[in-house]
Amino acid sequence: MDFSSIVSALPDLLQGMLLTLKLLVFAVAGGIALGTLLALARLSSNRLLSFLAGFYVNYFRSIPLLLVITWFYFIVPFMLAWATGKMHPVGAFASSLVAFMMFEAAYYCEIVRAGIQSIPKGQVNAAYALGLNYHQAMRLVVLPQAFRKMAPLLLQQSIILFQDTALVYAVGLMDFLNTARSRGDITGQLHEFLLFAGVIYFVLSFIASRIVLRLQSKLAVGQN
Amino acid sequence: MIRFNKVNKWFGRDHHVLKNITLEVKQGEVVVVCGPSGSGKSTLIRTINQLEPVNDGVIIVDGITITDPKTNINKVREEVGFVFQHFNLYPHLTVLENITLAPIQVRKMEKAAAEQLGVELLERVGLLNKKDVYPAQLSGGQQQRVAIARGLAMRPKVMLFDEPTSALDPEMIGEVLKVMQDLAESGMTMVVVTHEMGFAREVSDRVIFLDHGEILEDAKPEDFFTNPQHERAKQFLRQILAPMHQ
Ligand SMILES: Nc1ncnc2c1ncn2[C@@H]1O[C@H](COP(=O)(O)OP(=O)(O)O)[C@@H](O)[C@H]1O
Ligand SMILES: [Mg+2]
């Protein structure tokens, strides 16, 4: 084993990690936002809305993420061209980001939905009784409690998403893993680079899961 | 202030929970609703702010026909406070935030003014020192007093109470009833579902006895307690006034 070339590759690896994290942060934010809308739609009394959201969720949960990423890479430019009437270069980062958001939203939706359903009906009744409308009751009373309850699960899902970001190699993005792999190839030290990447993924995921555990026990204490 | 005219409600197809309810509550009146468990008391009181919709009949609150589908029900709910058996305080907000939420969001009150109001109301229910704690840190009796303050913060014209003391430990019932009595004396129109017969006797202007979704008695407390008309009411009173049989 010879780890010498890793040191000189560190700036590149850092660039890769920044791309991974950027993808992660935007995908988590967008995925949770879209997932929350989907959850509200699934729980809506409007049958059509609820059916469509249900279909969306089940569809995206039934296909491989890799398929969505490659598919969006080809399809997003066409969708934009269709919507705006001219061709835009979109790039692998943007199309991957959309793919992650839409794919993960299906999973976040189910978590948020369970969270909303776990809030006692009396909370909504109390909000309505004070004259709040549906949107206010959701935004101010139900969702803050649901997110608090579901924070560990949302974080857990985000750790999975962190690992899944490595799939963007399929559309040629230089994320952390792809950078490590390519530098390993060039220097002939592929094993060392992959080992190093594995350690970094492990350490980051491990720290995040410790946070999940801390959060879980803190929430268990704070319950009334 | 509140008028029911031939109100009927079914749960499902054949569970007739409110049968031809006709009732009037005048401004400033305190009306106690009692009756056996499952007789429809909660359903009745919840129809007054349409937490339960009805199937037919007319309900008028403060001159507004709330059973009219064109009525903006949120507007009516602003004028009607509701206190629940299980308090239903918002656990993620402090006591003061629980109280100011609706005035700020619904009445569009300035935050500072709402907080001032909240402080006054907490003083009134004797819990000013708890304004920054979370509901989980309060006893049941304290939570219910906060819930009453929360309802009052909307400056409602009517306050509804659904068994406000029945989830409380016995030693806490008194503090909540005291707050309700003060409220009654301040002239608030109140409808109170309760089995606290002391409160009914001393504070209320009228007692309504509900059985199987029907109003069997609607009388002044002295008449209700000394001379109930229906056998079911007599039986109910015997059970509830008898010393604890255990
Ligand atoms: N959401 C509901 N769906 C179906 N039945 C209900 C519902 N709420 C109450 N009921 C039934 O209606 C009847 C009256 O209930 P309720 O008004 O809660 O009675 P009370 O408050 O007097 O105990 C009971 O038989 C109860 O089981
Ligand atoms: Mg009840």
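Values in this document were obtained by computation on a predicted structure and should not be read as measured data. First the proteins, then the strands, lettered A, B, ... as listed; each starts at 1.
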Checklist entry - Under 4.5 Å, heavy atom to heavy atom, which residues of residues 96-122 of chain A contact chain B? => result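 Within residues 96-122 of chain A, the residues that come under 4.5 Å of chain B (heavy atoms only) are A:Gly122.
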Next on the checklist: Counting only non-hydrogen atoms closer than 4.5 Å, can you tell me which residues of residues 19-36 of chain A sit against chain B?
Outcome noted: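 Listed by number: none.
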Within 6.0 Å of [atom1] in [X], more than 12 heavy atoms from elsewhere:
X        : atom1 : answer
A:Arg61  : CZ    : yes
A:Tyr134 : OH    : yes
B:Glu110 : CD    : no
A:Arg139 : CZ    : yes
B:Arg107 : CZ    : yes
A:Tyr201 : OH    : yes

Item to check | Residue pair A:Ala129 / B:Asn49: nearest heavy atoms and the distance that separates them | outcome: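 For A:Ala129 versus B:Asn49, the nearest heavy atoms are CB-ND2, 3.8 Å.
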Checklist entry - Which pair of non-hydrogen atoms, one from A:Leu132 and one from B:Ala102, has the smallest distance, and what is that distance? => result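 Scanning both residues, the minimum pair turns out to be CD1-CB, 3.9 Å.
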[X] portion near chain A, given a 4.5 angstrom heavy-atom threshold:
X        : result
B:Arg150 : both
B:His92  : both
B:Tyr90  : both

Item to check | From B:Leu51 atom CG to A:Asn125 atom CG, the distance as rounded to the nearest 0.5 Å | outcome: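 Atom-to-atom, B:Leu51:CG and A:Asn125:CG are 5.0 Å apart.
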Item to check | Residue pair B:Leu101 / A:Leu140, side-chain heavy-atom distance below 4.5 Å | outcome: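 Sidechains of A:Leu140 and B:Leu101: in contact.
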Item to check | Partner chain A: residue of B:Phe84, B:Tyr134, B:Phe82 with the largest heavy-atom pair count (under 4.5 Å) | outcome: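 With the most close heavy-atom pairs to chain A, the winner is B:Phe84.
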Item to check | Winner by heavy-atom pair count (cut-off under 4.5 Å) against chain A, out of B:Leu93, B:Val76, B:Leu89, B:Leu160 | outcome: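 With the most close heavy-atom pairs to chain A, the winner is B:Leu89.
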Checklist entry - Taking A:Gln136 for the side chain and B:Gln105 for the main chain, is one N or O donor matched with an acceptor at less than 3.5 Å? => result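 The answer is yes, because a donor-acceptor pair under 3.5 Å joins these two groups.
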